[in-house]
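Beneath this line is the structure, given in C-alpha cells, with notes to follow.
Order of the sequence lines sets the chain letters (A, B, ...), proteins ahead of strands, with each chain counted from 1. All values below come from the heavy atoms of this structure, side chains included, with hydrogens, waters and symmetry mates left out.
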Amino acid sequence: MNHFFKLLNFEINRFIKIYASLLAIVIIIQTIGVAVVSNSFVNRANEMMMENRWTQEEFIKSNGKMSFSEFMNSFWFAGPIAIAATALIFYIFLIWYREWYGKNTFIYRLLMLPASRYSIYFAKALAIFLMVLGLVGVQILVLPLENELFKVIVPNALREVLAVKDLIYTNAITMVLIPSTFTQFLLHYSAGLMAVFTLFTAILMERSYRFKGIIFGVLYCAAVLALFSAPLFIAAMLDMGNMLYPMEFLMVEIVLGFIASVCSILIGHQLLTKKVSV
Amino acid sequence: MIEVKNLTKKFGRRRVLENVSFTAEKGQITCLIGINGVGKTTTLKAIMGLTPYKSGTILIDNEPISKQVYEKITFIPDAAIMPPSMTIGEALVFMQDFYSNWNNERALELLKFFNLKEEFRIAELSKGNTAKVNLLMGLAIDVDYILMDEPFSGIDIFSREQIANVFTSHLIEDRGVIITTHEINDIEHLIDKVILLDNGSVLKEFYTEEMRSQEGKSVIDVMREVYRA
Amino acid sequence: MNKYWKISIIIALTIMTIGAFYTHSAYSSTQLPQFHIKEERGNSELIKNVAISAFYMVDSHGEGVSIEQNKTTYDSEKSFFEQFNRDYARTDSTIKQLQKKYRNFMRGKLNISSFYEDKQLLAFADIDNNTGNGSRSFIFNISVLNKKTGNSTSFKYEIPSPEKYNHIYVEDVQYFGKELKVLTRSYQQNIGGQDVSKYIFDIPNEKLLSKEEVFAGSKTLLEYSLIPNIDPIQPSKYAVFSISEPVYEPEETEAPEPPKPKEKELVVYDLEQNKKLDTIFPKEIQKINTDAIQPYVDGSTAYFAEEADQKVKLTAFNLETGKIDNEITLPIDLKGKYNEMRVVVKDGKFYLLVKNHDMQTANVKIMIADIKTESIVFEGRLAADKNMRQSLRSLELYDIQIK
Amino acid sequence: MDLSFNNRDPVYLQVVRYFKEQIAIGDLTAGQEISSRRELAGLLKINPNTAQKAYKEMEEQGLITTERNFPSRITTDEKILNAVREELILEAVSSFIASVRPIKVPLDELIKMVSEKYSQPGE
C-alpha cells in the first residue's frame with residue numbers, strides 16, 4: 001500500500017508539468033472564449049441597435065437574449081476540454097510505452113522494485129483517473145467564475161439568467177463529465193476506469209507478445225465491448241426488447257462492468273508478472 | 001546461491017537459451033562469457049524475472065523471484081534506467097524511498113568515488129558516467145546478489161579502471177556477483193568462476209584458479225579450445 | 001510530506017469541487033423558475049392530486065418539469081434512479097403501477113393499448129411486426145394472468161398471408177367470458193389503405209376462434225381512428241371510431257395553422273355483441289374538431305370538448321341512448337394569439353388546462369368541473385416565482401396527471 | 001605495487017611468490033604488519049577470494065601469522081625467513097644452471113664470468 005502511494009505520487013509528478021499546462025490551456029482558452037463570445041454579442045447588439053435605431057426591447061424581440069450556454073456550446077468551451085481529454089487518453093498509452101522507449105528504459109527499475117506489480121499497475125491507472133478527476137474539478141471550479149465574467153461583460157438586460165447547475169444539465173459535454181446526480185457520476189467514472197483497465201490490458205498484451213499482442217489486445221477490447229453491450233444485443237437478437245426492467249438492466253451492466261474490470265486487472269497483473277518482457 | 005536449472009527460452013521460433021544450468025555462489029564473482037548475442041543478457045533478465053521463459057527453474061537462495069526476493073537481488077543493466085529528467089540526487093531519493101535496505105552512506109561514498117555530482121541530470125551523463133550511476137544504484141542497496149550486464153563495454157579506460165576497482169573493494173563485500181562480458185582480458189584475475197555460453201547453451205563451467213592449477217590454462221586458453229571445437 | 005504537495009493539491013481540489021458540486025452549496029441551487037398553482041375559486045383540495053408535466057425551454061436550455069400545487073420538480077433534480085427509469089422507457093403511470101404489482105408478468109410488455117385488466121385477470125395481446133431481412137411475419141403474443149392464482153398462460157398466433165400487410169398494431173384488447181377480443185389496425189402492403197379487424201381468441205384452448213373485419217377500407221382509403229378510453233386498460237364494451245377521409249396537407253405550409261375540421265362520421269361498435277350500434281350522433285357533435293381537443297370514451301359515455309368564443313364546451317354523450325347526458329361550458333379568456341389546451345376526464349370530473357400567450361401576455365389556466373352537476377368546482381392559474389410572463393411562455397405543456 | 005601476473009599459473013601462487021620475493025629482498029621484515037586481504041586484492045587488482053587463498057597458503061607455509069581480530073604479520077621465525085631466502089636463491093640458481101648447462105661451459109670459467117658480471121653495477 002505504501003509503495004502504491006509512492007508510485008502514484010511518482011507517476012503524478014512525472015506528468016505534472018504537462019498536466020499543469022493542460023489545466024492552464026483549459027482555463028486560459030475558456031476565459032478568452034467567454035470574453036470573445038460575450039463581447040461579440042454585445043458589439044453586435046450595439047451595432048444593430050444603431051443601424052436600425054432599435055431600442056433594447058426591439059433588439060431582444062428579434063435576436064433574443066444571450067445566455068451563457070452560447071459560450072458553453074461554442075468551440076471555446078469544448079475545444080480545450082477536447083485537447084485535455086485527448087492528451088489524457090494519449091497518456092493512457094504513453095504512461096506504459098514511455099517506460100520502454102526513449103533513451104532510458106525505466107521499466108527495469110520499475111519491475112525490480114520490491115513492490116507488488118499490482119502497485120505498479122494501479123498507480124498508473126489511478127494516476128490517470130486522478131488527473132481526469134482533477135480536470136473535472138478545475139472545470140467545476142472555473143465554470144461559475146466564467147459565468148461571473150460573462151455577467152460583467154453582458155449587460156443585465158441582454159442576458160438570460162441561468163444557474164451554473166442548470167447550464168451543466170443541458171450541455172452535451174458537461175452532462176457526461178458532471179452528470180446531475182452523484183450516482184450517475186459514479187457510474188460514468190466507473191465505466192471510465194473500466195475502459196482504462198481494458199486499454200492497459202491490451203497494452204500489456206502488446207508488450208508481452210509484441211505483434212501478436214496487438215491482435216490479442218484489439219480482440220480483448222472488442223470482447224470487453226461485446227460483453228458490456230451483450231444485454232442490448234441479446235435483447236435485440238432474441239427480439240425481447242424490454243425483457244429487463246431498467247434497474248435490472250443497470251444491475252446487469254454493473255455486474256458485467258465489474259467482471260470486465262476484474263478480468264482486465266487479473267490478466268494485466270498476470271502479464272506484468274509473468275509475460276511482460278523488458 | 002543462485003541456481004539456474006534447464007533454463008530454456010524461445011524467441012519466436014528461434015531458441016535463445018537451451019537447457020542452461022549453472023550456479024553462482026554468494027561471495028563469488030561469476031562471469032558469463034560469450035560473444036554478443038549468445039543469451040548472456042537474457043539469462044540475467046530471466047533470473048530477475050524481467051523476461052518470461054519457456055521452461056526451467058531459477059531459484060535464489062531456494063526461492064523463486066518475488067517481491068520479497070527483489071530486496072535480495074538487484075540487476076545493473078548496461079543502459080540508463082532512471083527517467084532522463086531526473087538528477088542523480090533525485091534518483092537517489094527515489095531509491096531511498098522504495099528500498100528499505102538502501103544504504104545512503106554507501107551511495108554517497110560511491111558518488112565521491114566516481115566523482116559524480118548530485119546535480120547531474122541523468123539525460124546528460126556520458127556512457128561511462130551512466131554505467132557508474134547504474135553501478136552506484138545497484139551497490140548502494142544492501143542486497144546479497146548483484147547481476148551486472150556488460151559493466152565494461154563501451155567505456156573509456158579510466159572509467160573502466162574505476163569500475164574494476166569496485167570489484168576488489170569492500171563495496172562488493174561478500175555478495176554474490178554475476179557479470180556478463182564478451183571481453184575477458186581486463187578482468188581475468190577478478191573473477192572466481194566462468195560460465196562459457198555459446199548459442200544459448202552452457203559449454204563449460206569452471207573456477208579460474210582450479211583451471212590454472214590443474215590444467216595450467218588461462219581463461220582465454222579454455223575459450224580457444226572450446227570455441228574452436 | 002513536502003514531496004507530496006502536488007498530488008495533495010490535486011486530491012484536495014478534486015474532493016472539494018466535486019464534493020461541493022454534489023452536496024448543498026451554491027452549485028445545487030437553481031435559477032429556474034419555481035411554479036405553483038394559484039387558486040382563484042373553488043375547492044383547493046381538488047388540485048392536490050393534479051400534476052402538470054411540461055417542458056421548460058429557454059434558449060438552448062430545456063428540461064422536463066413536473067408541477068404540482070406547491071412543488072416544482074425539474075428532471076435534473078430527480079434522483080438518478082428516477083431519471084434512469086424515465087429515460088429508459090417513457091412508460092406511463094398505469095404501466096408503472098402494473099409493473100409494481102405483477103413484476104414478472106409485465107416483463108417486456110409496454111404498449112398500453114395491449115392491456116386489459118379487470119378484477120380477475122390481466123390480459124395482454126401484442127403483435128410482433130417482423131418485416132426486416134426479407135422475411136415477413138406478424139405474430140400475436142398473448143398472455144393472460146389470473147390475478148387470484150398468479151398463474152399465467154401465454155401463446156402465439158401467426159397471422160396468415162403476411163405479404164398482404166405493411167404493418168399491424170393492436171388498438172384495443174377486451175375480454176368477455178373466455179374470449180379475448182383484439183382490435184387491430186393493419187396497413188395494406190401496396191394500396192396503403194387500412195383495415196380494422198377484430199380477432200377473437202379462445203383463451204382456455206389457446207387458439208383463434210375467429211377473425212372479422214370491422215372496417216375494410218382497402219378500396220376507399222378512409223381513416224379510422226379509435227377514440228381512446230379514459231382508462232385504456234379497464235373493461236369497455238364500446239369502441240367508438242371516427243371515420244374520415246384523409247386530408248392531405250399542402251406542402252410548404254408555414255406557421256402551424258389550427259387543424260381544419262374534417263368531414264367525418266362517428267360509429268359505435270359493440271365488442272360484446274360483435275356488431276355496430278345504430279347510435280346516431282347529433283350534428284353538433286359530428287362537426288366537433290376532434291383533432292383540436294382529444295375526445296374520450298368512458299364506459300357508455302363519450303366526451304367531446306370544443307373551443308369556441310372564449311369558451312370550452314364539454315359534451316357527455318350517452319352511446320346507448322344516443323342522447324346528450326350533460327353539457328358544461330367553461331369560460332376561458334384568451335388574450336394572446338397562441339393557445340395550447342389539454343383536457344382530461346377522470347372520476348366524473350373534467351380537467352382543463354389552457355395556455356395562452358404571445359409577446360405581450362402569457363398565462364396558464366387550470367379549471368376543474370364536475371360533469372354530473374355541470375358546475376365549475378375549481379379555477380386557478382399557474383404562477384412563477386420570477387419572470388412570470390417569460391417563465392410561462394417558456395413552458396410547453398405535455399399533459400395533466402391525476403393521481 | 002606493480003605486479004603483472006601470468007594467466008596460466010594459479011594467481012594465488014603468484015601472490016605467495018611475490019611475498020617471498022619481498023621477504024627475501026628485505027622489503028618485508030620479520031613481524032611487519034601486512035595489508036588485509038581486501039586491501040591486497042585492491043592493490044593487486046585480483047579477486048579477494050584469491051587473495052584470501054594466498055594468505056591461507058602463506059599461513060600454512062608459516063610465512064605469516066594471524067591472530068584473531070588482528071592484521072596478519074610476517075612471521076618472526078628466522079628459520080622460516082632464512083629458508084625463504086635460501087629457497088629463492090636456490091630456485092634462481094637452479095634455473096640459471098638449467099639454462100647454462102646445455103652450453104657445457106667448464107665450471108671454473110662459468111664461476112669467473114659470474115663473479116665478474118655480478119660485481120658490475122647497474123645492469
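Contacts between A:Arg117 and chain B at a heavy-atom distance below 4.5 Å involve the side chain alone, from C-beta outward. Residue A:Leu7 touches chain B through both its backbone and its side chain, counting heavy-atom pairs closer than 4.5 Å. With a 4.5 Å cut-off on non-hydrogen atoms, B:Phe94 touches chain A through its side chain but not through its backbone.
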Derivation of the side chain to side chain contact (heavy atoms under 4.5 Å, CB included) call for A:Tyr108 and B:Lys45: CA-CA 9 Å; A:Tyr108 277 115; B:Lys45 283 182 186 172; 3.0 Å; yes

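The OH atom of B:Tyr70 sits 6.5 Å away from the CG atom of A:Leu111 when rounded to the nearest 0.5 Å. Here CZ of B:Phe98 is found 11.0 Å from CZ of A:Arg109. Values are rounded to the nearest 0.5 Å. How far CG of B:Leu50 is from CE of A:Met112: 6.0 Å, rounded to the nearest 0.5 Å. If you take CD on B:Glu71 and CG on A:Leu113, they are separated by 10.0 Å, rounding to the nearest 0.5 Å. Considering NZ of B:Lys67 and OH of A:Tyr118, their distance stands at 11.5 Å, rounded to 0.5 Å.
The number of heavy atoms from other shown groups lying within 6.0 Å of CZ (B:Phe120) is above 12. For A:Lys212, the NZ atom sits in a loose shell: 12 or fewer heavy atoms of surrounding residues, nucleotides or ligands are nearer than 6.0 Å.
The most heavy-atom pairs under 4.5 Å with chain A, out of B:Ala79, B:Ser85, B:Pro84, come from B:Pro84. Chain A forms more heavy-atom pairs under 4.5 Å with one residue of B:Lys72, B:Met137, B:Met95, B:Met86 than with any other, namely B:Met95.
The stretch residues 253-278 of chain A places A:Lys274, A:Lys275, A:Val276, A:Ser277, A:Val278 near chain B, each with some heavy atom under 4.5 Å from a heavy atom of that chain.
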